Amino acid sequence: MRILGIDTATPVASVALIDEDKILAEQIYGAARSSSENSSPQPKGNHAEVILLLIRALLDGAKHSLGDLSGIAVSIGPGSFTGLRIALATVKGIAYECGLPVVGVSTLLANAARADVADGVVGSLLDARKHEVYGALFRRVGTNFTRLTEDAVLPVRRFGELLQESHAVCPLLIGNGAIAYQAQLKDCLSGAIHVSAGDEFASVAAQVALLARERIAAHASDDIGALAPIYLRPSEAESKRFLAPLTS
């Protein structure tokens, strides 16, 4: 069962192809690595301009086509508003054209699942700006992840308090939010923490595909038409519109 995974919710866009529990290939925009044997040069541009190029390079390098896929998995947020819209539009276009099932996966869960390390608490954090993070806590036991908190947008200090309440011993904090606010997070905790951007692990897209495997195999995919991004808060443009004074 081959599944295409796509993530443009995070600063490093990625696509990956898996077969059962094996990662066949990855293409990553914004990082100088790829597990594809026939990796191609990094395309230039933003996520909107490169996502189809990454998919084409991924499938060409793995010597597969869209017709070989069993389904598509996509990270649905929280994360970059523009990136989420790009990914869903791309996925829906491919899925409708090729008749493929689609499964949406929490970006924070996929980011946490990248952590192929010792058992314990994993904090998944994406920088939401304004001293806030998109964050969630998980407990890793073997290859299983148990959710300790729901996905949320919250102040960095509040995330530190959640870590304290979890009584985690040297938790792993992964994601660009962990890097951006590691000083504040260390101040919140009396014990040690391990911070990683995630570059040493498989891509978010690969984990998105792996996490969607069981649902695609069980024919429990999402309704493509109803599948929508998880933003957790209004965009800056919407916030300004809501706060703008009424005119007569």
Side-chain angles (χ1 to χ4, degrees), residues 2-19 23-111 113-114 126-127 134 175-176 197-199 201-212 216 221-222 224-225 227-231 235:
R2 299 183 186 92
I3 299 172
L4 171 66
I6 297 174
D7 170 60
T8 59
T10 57
V12 179
S14 58
V15 296
L17 180 66
I18 70 164
D19 189 353
I23 301 173
L24 297 181
E26 297 173 299
Q27 286 285 334
I28 301 169
Y29 176 68
R33 64 184 177 90
S34 171
S35 65
S36 171
E37 291 182 1
N38 299 310
S39 65
S40 57
Q42 287 283 324
K44 295 181 179 180
N46 57 34
H47 288 5
E49 296 170 332
V50 305
I51 187 64
L52 289 175
L53 296 175
L54 290 176
I55 293 171
R56 185 178 301 119
L58 175 82
L59 294 175
D60 287 349
K63 294 181 170 50
H64 285 294
S65 67
L66 292 173
D68 297 325
L69 298 178
S70 304
I72 307 175
V74 59
S75 68
I76 57 171
S80 162
F81 285 33
T82 302
L84 288 168
R85 290 192 289 267
I86 290 166
L88 275 177
T90 301
V91 165
K92 289 183 179 185
I94 295 173
Y96 281 126
E97 182 177 349
C98 300
L100 292 169
V102 174
V103 168
V105 176
S106 160
T107 307
L108 291 174
L109 172 57
N111 183 54
R114 303 165 71 194
L126 299 177
D127 188 359
Y134 298 117
N176 72 323
D199 293 341
F201 303 120
S203 67
V204 173
Q207 292 305 324
V208 165
L210 290 167
L211 288 165
I216 290 177
S221 59
D222 289 305
I224 299 175
L227 190 61
I230 298 172
Y231 292 130
S235 69

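A quick note: this is a predicted structure, and the numbers were derived from the prediction, not measured. Numbering starts at 1 and runs along the sequence shown.
Annotation for A9 and T107: closest pair CB-OG1, 3.7 Å, computed over non-hydrogen atoms. Of all non-hydrogen atoms in A95 and I224, the two that sit nearest each other are CB-CD1, 3.7 Å. Between F81 and Y134, the closest heavy-atom pair is CE1-OH, 3.4 Å. Across every non-hydrogen atom of P78 and L84, the tightest pair is C-CD1, 4.4 Å.
Take A16 and apply the side chain to side chain contact (heavy atoms under 4.5 Å, CB included) test, not counting sequence neighbours, and it matches E26, S203, A205, A206. Remark: A197 pairs with I179, D199 by the side chain to side chain contact (heavy atoms under 4.5 Å, CB included) rule, at least two apart or across chains. Applying the side chain to side chain contact (heavy atoms under 4.5 Å, CB included) rule to N176 yields the partners P11, L126, D127; only residues at least two apart in sequence or on another chain are considered. Every residue meeting the side chain to side chain donor-acceptor pair (under 3.5 Å) condition with S75, not counting sequence neighbours, appears here in chain and number order: D7. Partners of A87 according to the side chain to side chain contact (heavy atoms under 4.5 Å, CB included) rule, which considers only residues two or more places apart in sequence or in another chain, are I6, T8, V74. Residues satisfying the side chain to side chain donor-acceptor pair (under 3.5 Å) criterion with D222, sequence neighbours excluded, are R215.
To the nearest 0.5 Å, atoms CG (L54) and CZ (R56) are separated by 10.5 Å. In this structure, CG on L4 lies 5.5 Å from CD1 on I72, to the nearest 0.5 angstrom. How far CG of D19 is from OG of S70: 8.0 Å, rounded to the nearest 0.5 Å. Atom CD1 of residue I216 and atom CG of residue L211 lie 11.0 Å apart, to the nearest 0.5 angstrom. With rounding to the nearest 0.5 angstrom, the CD atom of Q27 is 9.5 Å from the CG atom of L59.
With contacts defined as side-chain heavy-atom distances shorter than 4.5 Å, the pair T10/N111 does not qualify. L17 has its side chain within reach of L69: a pair of non-hydrogen atoms, C-beta onward, lies under 4.5 Å apart. Counting heavy atoms from C-beta outward, R114 and V204 have side chains that approach closer than 4.5 Å. Within the 4.5 Å cutoff, no side-chain heavy atoms of E97 are placed close to those of L66.
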Please report, to 0.1 Å, the donor-acceptor pairs under 3.5 Å made by any side chain of residues 99-106, with sequence neighbours excluded.
unit_1 : atom_1 : unit_2 : atom_2 : d
S106   : OG     : L108   : N      : 3.3
S106   : OG     : L109   : N      : 3.1
S106   : OG     : D151   : OD2    : 2.8

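The backbone N or O of A57 sits nowhere less than 3.5 Å from a side-chain atom of D60 that would complete a donor-acceptor pair.
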